Protein chains: 2
Amino acid sequence: MLSREKLIDQIKLKRSFLCVGLDTDVDKIPDFLKSYPDPVLEFNRRIIDATQDLCIAYKPNAAFYEAMGIKGLQSLIDTYKYLPKDCLSIIDAKRGDIGNTSDNYAKAFFNEETTGMGFDAITVTPYMGNDSVTPYLKYDGKWVIILALTSSVGSKDFQYLETGNGFLYETVIQKANTWAGADRLMFVVGATKSTEFTNIRKYAPDNFLLVPGVGAQGGSLEEVCKYGMTPDCGLIVNASRSIIYASNGEDFAEAARAEALSLQKQMEAELQKAGII
Amino acid sequence: MLSREKLIDQIKLKRSFLCVGLDTDVDKIPDFLKSYPDPVLEFNRRIIDATQDLCIAYKPNAAFYEAMGIKGLQSLIDTYKYLPKDCLSIIDAKRGDIGNTSDNYAKAFFNEETTGMGFDAITVTPYMGNDSVTPYLKYDGKWVIILALTSSVGSKDFQYLETGNGFLYETVIQKANTWAGADRLMFVVGATKSTEFTNIRKYAPDNFLLVPGVGAQGGSLEEVCKYGMTPDCGLIVNASRSIIYASNGEDFAEAARAEALSLQKQMEAELQKAGII
């Protein structure tokens, strides 16, 4: 379990705010791994071994595991168990349902005794409001990461609707911040929208932001830091495909490390520039 | 697979538009079932046997199965396999992610060959827009059921925001109807908001609406029909807890049948009143 204080400590210690997204697609991993009993787990283990000193979080996306049925869920459980305890473990599940149902999603991902998974944090979609978020907060010290402004094309459809109180995504941030503090809530904000960070910081001055879209989706790390960094860093920047699929040969783990190292070096420079380290 | 035409035929044949929600919680099922190898599956089988001539759809909510880990996923797969083919099979998963990821959720629930599950329909949350919905539409004949106006307390937080073009939920319906037709798209609209149905029918004159909230959540079937029924019926009304937990003794399946029968009779009367049968 990583509290806000411990997370900030890890960022300073590792000179990094990198999250490695474990969106492991069995069709994209190197062929030579396919002889292992669980090729996805073997792939993840090697990626974790190669990157854990360079990142402060790992984020498997549930969809990639669910797509492989029972075998996939087992790979996810075993991957969870392999995650280093000094890193924030985030399940990117984007769940959202009524209270009674969200209680069950919380069990699924937070209650290790029953399901074998005890992630530190879960991503949640806000459409159903308060009761789709609060059930997760009953678990002491666990984090909820609410979708605010995503990096996809479809973000334009609803997130930028004017609500009379700013855009929908701004209203989501303001409202959600009345449900819990910056020690329990983070927001997803896509890196492809870096100029929006100034705006977001008006409503979420202290919350950590989980930022996808650097790398494969084309967002700029420098821009994100310029507009989004706080005195506590306040950023967890995720890269998935650009790291884990840096090579699909036998050197995939080394290539992943090189990619992660390059990002960590850029992050170190940004942390220094901001006087955080 | 149930096309729109076949669904309407089933409604007329069974004189019912009832969906039974299989939100099966292992802590709430009768004790005597606990000696079975898979108590949840045994419970579901008996509920299905007792209700399949009275309903036209079944809807397991994924959360209840995920909360039991690997064992729960196996129960869900085996429950899917047991569902009668003349009923619409809906997985209530409320997923929503970027296109690349939604492709994987579609595989998880639609690609029977890989995961053992080939549901006819999936519920999807609209916050991430177009690319969180369209990947499911690539599967010929499968349905996407988009959250519009839900029956929970939290629906007030965002769904009723004024967007300059009506409430957010109205904008969701209008926008989504540009992505596919009423033969592929349905919307979730809570029964507790029956007066809103008139409004919703302006934007969704032909879409089937999946209506939770009758029963345990207190919505009125009569009101829903008054404001929401179309010449094709256009309604699938779900009841979960009021049916499956009608009794927690050995007579649970008979009690479930009695509850389903009572709803079917009310539905038959409404279908007659509207001249559909």
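All chains are named by letter (A, B, ...) in the order of the sequence lines, taking the proteins before the strands, and each is independently numbered beginning at 1. None of the values given here were measured: they were computed from a predicted structure.
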Using the ring pair (Phe, Tyr, Trp, His ring centres under 6.0 Å) rule, take A:Phe109 and A:Tyr136 through it: C-alpha gap first, then chi angles, then the decisive distance, then the call. CA-CA 10 Å; A:Phe109 295 113; A:Tyr136 303 99; 8.5 Å; no

Derivation and outcome, ring pair (Phe, Tyr, Trp, His ring centres under 6.0 Å), residues B:Phe119 and B:Phe110: CA-CA 5 Å; B:Phe119 285 95; B:Phe110 286 171; 8.3 Å; no

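Residue B:Thr150 touches chain A through its side chain alone, counting heavy-atom pairs closer than 4.5 Å. Heavy atoms of A:Asn61 lying under 4.5 Å from chain B belong exclusively to its side chain. Within the 4.5 angstrom heavy-atom criterion, only backbone atoms of B:Met68 (N, CA, C, O) approach chain A. Contacts of A:Ala106 with chain B are absent, with no heavy-atom separation under 4.5 Å from either backbone or side chain.
When each of B:Asn111, B:Asn100, B:Asp92, B:Thr123 is checked for heavy-atom pairs under 4.5 Å with chain A, B:Asn100 comes out on top. Contact tally against chain B (heavy-atom pairs below 4.5 Å) for A:Gly96, A:Ala67, A:Ala62, A:Ala108: the top residue is A:Ala67. Ranking B:Lys107, B:Gln74, B:Arg95 against chain A, the residue ahead of the rest is B:Arg95, based on heavy-atom pairs under 4.5 Å. For chain B, the option among A:Val172, A:Thr125, A:Asn130 with the highest count of heavy-atom pairs below 4.5 Å is A:Val172. In terms of heavy-atom pairs under 4.5 Å with chain B, the best-connected choice from A:Gly116, A:Pro126, A:Ser132 is A:Pro126. Per-residue counts of heavy-atom pairs under 4.5 Å with chain A were compared for B:Thr101, B:Asp25, B:Asn165; the largest is that of B:Thr101. Between chain A and the options B:Ile70, B:Thr163, B:Ile77, heavy-atom pairs under 4.5 Å are most frequent for B:Ile70. Interface summary for chain B: among A:Gly164, A:Gly129, A:Ser155, the most heavy-atom pairs under 4.5 angstrom belong to A:Gly129. Interface check for chain A: of the options B:Leu161, B:Asp97, B:Val133, the most heavy-atom pairs under 4.5 Å are formed by B:Asp97. Per-residue counts of heavy-atom pairs under 4.5 Å with chain A were compared for B:Glu162, B:Met128, B:Lys156; the largest is that of B:Met128.
Aromatic rings of B:Tyr127 and A:Tyr127 (six-membered ring for Trp) have centroids beyond the 6.0 Å cut-off, not under it. Note: A:Phe208 and A:Phe187 fail the aromatic proximity criterion, with ring centroids not under 6.0 Å apart.
Side-chain atoms of A:Thr115 do not come within 3.5 Å of backbone N or O of B:Gly69 as any donor-acceptor pair.
Scanning both residues, A:Gly21 and A:Ser240, for their nearest heavy atoms gives CA-OG, 3.3 Å. What you find for A:Asn207 and A:Ala182 is that their closest heavy atoms are ND2-CA, 3.7 Å.
Among B:Tyr203, B:Tyr160, B:Phe197, the one residue that satisfies the ring pair (Phe, Tyr, Trp, His ring centres under 6.0 Å) test with B:Tyr169 is B:Tyr160.
A donor and an acceptor atom, one from each side chain of A:Glu66 and B:Asn104, are nowhere located under 3.5 Å apart.
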